[in-house]
Protein chains: 2
Amino acid sequence: MAWDTERTKRLLLEAATAEFSEHGLAGARMDRIATSAGVNKERIYQYFGKKDELFATVLATQLRETMDAVPLSGTGPAAAGDYAGRLFDHHIIQSTIPRLLFWEGLERGAGAAADAARIEYHRVKAERFRELLPGIDLEQAAELLLTIVTLVNGWPVLGHLDTLLVVGATGAPGDRAAARRNVIVRSVEVLASAAQAEAAARA
Amino acid sequence: MAWDTERTKRLLLEAATAEFSEHGLAGARMDRIATSAGVNKERIYQYFGKKDELFATVLATQLRETMDAVPLSGTGPAAAGDYAGRLFDHHIIQSTIPRLLFWEGLERGAGAAADAARIEYHRVKAERFRELLPGIDLEQAAELLLTIVTLVNGWPVLGHLDTLLVVGATGAPGDRAAARRNVIVRSVEVLASAAQAEAAARA
DNA sequence: TTCAATTGCAACTAATCAGTTGGAATTGAC
DNA sequence: GTCAATTCCAACTGATTAGTTGCAATTGAA
């Protein structure tokens, strides 16, 4: 039976994803990752390098996967809202993503935007998003996309604020995910329509 | 010359605010807080207790201060947009706030919503925000307030995403803060109008 | 079978960290 | 001036942590 190096790497990457999502870079523990993966700690260093290199690998893998998993399709404000809704759904299933994105923002800051491949990927994404809303310019598209990503990823991370502001004020929690998803989708539709109207008024 | 205990506490609290804002709970170092404040480390424990107690104190102090510093005023969608703009401005000056809010979300999670006084404070805030937009119900108000807080606080924390999506796609950075502030203010106005229209359509 | 490369093991290492301690210095009441 | 309480000091402590090490076991090519 041969060594299954790829499987070992996968186990470690999965364990690292969970650990970094839960604790961030500073709070994560290499021992825990190894134990959780059922792999000797020394293998981590052999395959992935030091702690922050493993963190970078986890981020690159997970954030890239998200962009591939939720494609843009259709045209018009409803398509924009649909995209937001699907992104929201994806994050419910892959709950590590929003946390990793904010850990990245907090722990790596501006340095996180220095990757040329990633810059290109996002440029293409913004361009593609613009095509969903005929008539708007690239800046409008990029700003709206930033709004979508902020709202969708921010919601689970600021769950305590949802509890304080919405649940606390109105009393009955109900299905919070469904309600918030609904609000975000409709908000995106409204903002997309407004963006188009604004672009038309300027033409 | 008497001991100035209150001054020592203030120095420590300021240093702790900066440290926790920069590094979060797991990444902050008590030695650094003490050094930065020019105070002996042992004083921290005497005055504030252990590390996570100090963190809680910093959070309570800073987040409470924010709510007091940016009051709600006026009525109508423009008032909602104005509030968002003033909140945005405040966070530019007090750059620790957004980061602390997201550290809290990531590092303390749902437990952060367990404080009775804070629940009450947010309930009152949501109620007051509802009064800005006559006709809308409390749930609409709370959801829109959550959207505002998410966008305003999320922007600095996701600065790398701004760079990737907006700057990367459109080329010239310009004054990003002003541009993003403008987008948020107008978005809030649009969403506030839509919320009122929706409430009216249901009446 | 041999041999070099790689994986696997678990103990080890040096540094770091939150928290503590004993004693000196200071304060303010009496 | 005395005295108890408090602040200040800086060294200490024990636990934890990222990373390393020496050696055994395994793999696959020749």
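Every value quoted in this text rests on a predicted model; they were computed, and no experiment measured them. Just so we're on the same page: letters track the sequence lines, and every chain starts at 1. These values consider heavy atoms only, across backbone and side chains, with no hydrogens, waters or symmetry-generated copies.
Between A/Q46 atom CD and D/dT20 atom C1' the separation is 11 Å, expressed in whole Å. Rounded to a whole Å, the CD1 atom of A/I44 is 13 Å from the P atom of C/dG8. Distance CG (A/D4) to C1' (D/dT27): 13 Å, rounded to an integer number of Å. The distance between atom CD of A/E53 and atom P of D/dA18, rounded to the nearest whole Å, is 15 Å. Atoms NZ (B/K9) and C1' (D/dC8) sit 16 Å apart, rounded to a whole Å. In this structure, the CG atom of A/L54 is 10 Å from the P atom of D/dG19, given to the nearest Å. For the pair B/E6 CD and D/dT6 P, the computed distance is 14 Å after rounding to whole Å.
In this structure, the separation between CH2 on B/W155 and CG on B/D162 is 6.0 Å, given to the nearest 0.5 Å. From A/L72, atom CG reaches atom CZ of A/R128 across 5.5 Å, with rounding to the nearest 0.5 Å. Note: A/L13 CG to A/L54 CG = 7.0 Å, rounded to the nearest 0.5 Å.
The two residues B/A142 and B/A126 have their closest heavy-atom pair at CB-CB, 4.4 Å. The shortest non-hydrogen separation linking A/A84 to A/V188 is CB-CG2, 3.9 Å.
For A/T17, the side-chain contact (heavy atoms from CB on, under 4.5 Å) criterion is met by A/V58, A/Q62, A/T96, A/L100, not counting sequence neighbours. With sequence neighbours left out, the ring pair (Phe, Tyr, Trp, His ring centres under 6.0 Å) criterion links B/F102 to A/F102. Considering only residues two or more places apart in sequence or on other chains, A/K125 meets the salt bridge (Lys or Arg N to Asp or Glu O under 4.0 Å) condition with none of them.
Non-hydrogen atoms lying under 4.0 Å from DNA chain C are contributed by nothing in residues 15-25 of chain A.
Sorted by first and then second residue, the salt bridge (charged side-chain N to carboxylate O under 4.0 Å, His left out) pairs with a member in residues 58-85 of chain B read B/D82-B/R86; sequence neighbours excluded. Within the structure, every pair that satisfies the salt bridge (charged side-chain N to carboxylate O under 4.0 Å, His left out) test and touches residues 37-62 of chain A, not counting sequence neighbours, is listed here: A/D31-A/K41. For residues 183-195 of chain B, the salt bridge (charged side-chain N to carboxylate O under 4.0 Å, His left out) pairs, not counting sequence neighbours, are A/E198-B/R186. Pairs engaging residues 139-155 of chain B under the salt bridge (charged side-chain N to carboxylate O under 4.0 Å, His left out) rule: A/R176-B/E143, A/R180-B/E143 [sequence neighbours left out].
Here the side chain of A/Y45 is nearest to one of D/dC8, C/dA18, D/dG19, namely D/dG19.
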Please list, for nucleotides 10-14 of chain C, all pairs of protein and nucleotide N/O atoms separated by less than 3.5 Å.
unit_1 : atom_1 : unit_2 : atom_2 : d
C/dA10 : N7     : A/N40  : OD1    : 3.4
C/dA10 : N7     : A/N40  : ND2    : 2.9

Tabulated below should be each protein N or O lying under 3.5 Å from an N or O of nucleotides 1-6 of chain C; please produce it.
none

Strictly under 3.5 Å: I want the nitrogen or oxygen pairs between protein and nucleotides 14-17 of chain D, one per line.
unit_1 : atom_1 : unit_2 : atom_2 : d
D/dT17 : OP1    : A/R29  : NE     : 2.6
D/dT17 : O5'    : A/R29  : NE     : 3.2

For residues 109-117 of chain B, please give each side-chain donor-acceptor pair under 3.5 Å, one per line with the distance, not counting sequence neighbours.
unit_1 : atom_1 : unit_2 : atom_2 : d
B/D115 : OD2    : B/R118 : N      : 3.1

